[in-house]
Enquirer: 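Questions regarding the structure given below will be posed in turn.
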Amino acid sequence: MSVKEYMELPYNIVFRHVKDESGKYYFATVRELDGCMSDGETLEEAHINIKEAMEGWIETRIEAGLPVPVPLDTGNYSGKFVVRLPKTLHRRLAVEAEKEGVSLNQYTLYKLSM
């Protein structure tokens, strides 16, 4: 498979909001690609950076003749589910997503992956 073909697979990317001595940022890892990680000041920047890191990680493995893991089996999950929540929580999440400059869905995914 080519790098492009691997990049089209549904890898599991995990984002974590970090606050430490170096500041606040988002840290991203790929569950299936050991050691593949990146970060960004915003969630969007972290997403762009992890995609670039994935391309480099996969390309390096292919060039070295090493196997590239495929995504973990997602089974029969559609990736969609409905959750009812209190209006106050809905509002708070919407405000936080707007502050980060991302959609409510993207922000909720980030919060769930922590």
Side-chain angles (χ1 to χ4, degrees):
M1 286 178 68
S2 69
V3 173
K4 182 180 178 189
E5 290 169 315
Y6 278 110
M7 291 299 295
E8 291 173 357
L9 298 176
Y11 284 99
N12 293 283
I13 302 171
V14 178
F15 296 94
R16 190 172 50 125
H17 192 230
V18 177
K19 296 178 187 175
D20 62 18
E21 63 278 351
S22 63
K24 292 189 231 178
Y25 58 96
Y26 291 89
F27 182 72
T29 58
V30 183
R31 286 196 172 138
E32 298 88 351
L33 308 180
D34 189 36
C36 183
M37 61 188 84
S38 192
D39 61 23
E41 290 184 19
T42 64
L43 193 55
E44 183 178 334
E45 183 180 335
H47 189 260
I48 291 167
N49 292 345
I50 194 64
K51 289 293 192 174
E52 289 177 9
M54 288 172 68
E55 286 181 15
W57 194 100
I58 292 167
E59 183 176 10
T60 299
R61 297 285 289 197
I62 291 171
E63 288 175 357
L66 298 170
V68 177
V70 294
L72 299 172
D73 184 16
T74 56
N76 292 321
Y77 303 104
S78 68
K80 178 181 175 182
F81 69 101
V82 178
V83 177
R84 298 217 181 271
L85 57 147
K87 291 178 184 179
T88 55
L89 178 57
H90 186 178
R91 184 175 146 272
R92 190 178 92 211
L93 290 170
V95 168
E96 290 173 8
E98 187 174 332
K99 284 181 185 176
E100 292 296 332
V102 297
S103 70
L104 179 57
N105 280 343
Q106 190 174 18
Y107 189 73
T108 302
L109 175 61
Y110 155 71
K111 294 297 271 187
L112 288 171
S113 68
M114 293 175 64

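Predicted, not measured: the structure shown is a model, and the values here were computed from it.
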Enquirer: Look up atom NZ in K111 and atom CG in L104, then write down how far apart they are to the nearest 0.5 Å.
Expert: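 Nearest 0.5 Å value for the NZ-CG distance: 12.0 Å.
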Enquirer: Can you tell me how far CE of M37 sits from CZ of F27, rounded to the nearest 0.5 angstrom?
Expert: 5.0 Å
Enquirer: Looking only at non-hydrogen atoms, find the nearest pair between M54 and V30 and report the distance.
Expert: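 What the structure gives for the nearest pair is CG-CG2, 3.6 Å.
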Enquirer: Answer yes or no: is there a side-chain heavy-atom contact under 4.5 Å between I13 and K51?
Expert: yes
Enquirer: So, do I48 and E44 sit near enough that their side-chain heavy atoms are less than 4.5 Å apart?
Expert: yes
Enquirer: Hydrophobic clustering (ILVMFWY, side-chain heavy atoms < 4.5 Å, transitive) - are L112 and Y11 grouped together?
Expert: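 Yes: a chain of side-chain contacts under 4.5 Å links Y11 to L112.
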Enquirer: Is L93 linked to Y26 within one hydrophobic cluster, defined over Ile, Leu, Val, Met, Phe, Trp and Tyr using a side-chain heavy-atom separation of less than 4.5 Å?
Expert: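 The answer is yes; both residues are in one hydrophobic cluster.
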Enquirer: Ignoring hydrogens, what is the shortest heavy-atom contact between L89 and L85? Give both atom names and the distance.
Expert: CG-CD1, 3.5 Å
Enquirer: Do the non-hydrogen side-chain atoms of V68 and M1 ever get within less than 4.5 Å of each other?
Expert: no
Enquirer: Taking atom CG of L9 and atom CD1 of I58, what is their separation to the nearest 0.5 Å?
Expert: 8.0 Å
Enquirer: Measure the spacing between NE2 of H47 and OG of S38 and express it to the nearest 0.5 Å.
Expert: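 H47 atom NE2 to S38 atom OG measures 11.5 Å (nearest 0.5 Å).
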Enquirer: Test of understanding: with ring pair (Phe, Tyr, Trp, His ring centres under 6.0 Å), list the residues that count as partners of Y107, not counting sequence neighbours.
Expert: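 For Y107 the ring pair (Phe, Tyr, Trp, His ring centres under 6.0 Å) partners, ignoring immediate neighbours, are Y110.
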Enquirer: To the nearest 0.5 Å, what is the distance between OH (Y25) and OG1 (T42)?
Expert: 14.5 Å
Enquirer: With rounding to the nearest 0.5 angstrom, report the CE to CD distance, M7 to E52.
Expert: 9.5 Å
Enquirer: Under 4.5 Å between any side-chain heavy atoms of I50 and C36, yes or no?
Expert: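 Yes; the side chains approach each other to less than 4.5 Å.
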Enquirer: Quick check: does any side chain N or O of E32 sit under 3.5 Å from a backbone N or O of N12, one acting as donor and the other as acceptor?
Expert: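 Yes: the side chain of E32 pairs with the backbone of N12.
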Enquirer: Okay, side chain of W57, backbone of D34: is any donor-acceptor separation there less than 3.5 Å?
Expert: yes
Enquirer: Looking at R92 and E96, does any basic side-chain N land under 4.0 Å from a carboxylate oxygen?
Expert: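 Between E96 and R92 there is a salt bridge, with a charged N closer than 4.0 Å to a carboxylate O.
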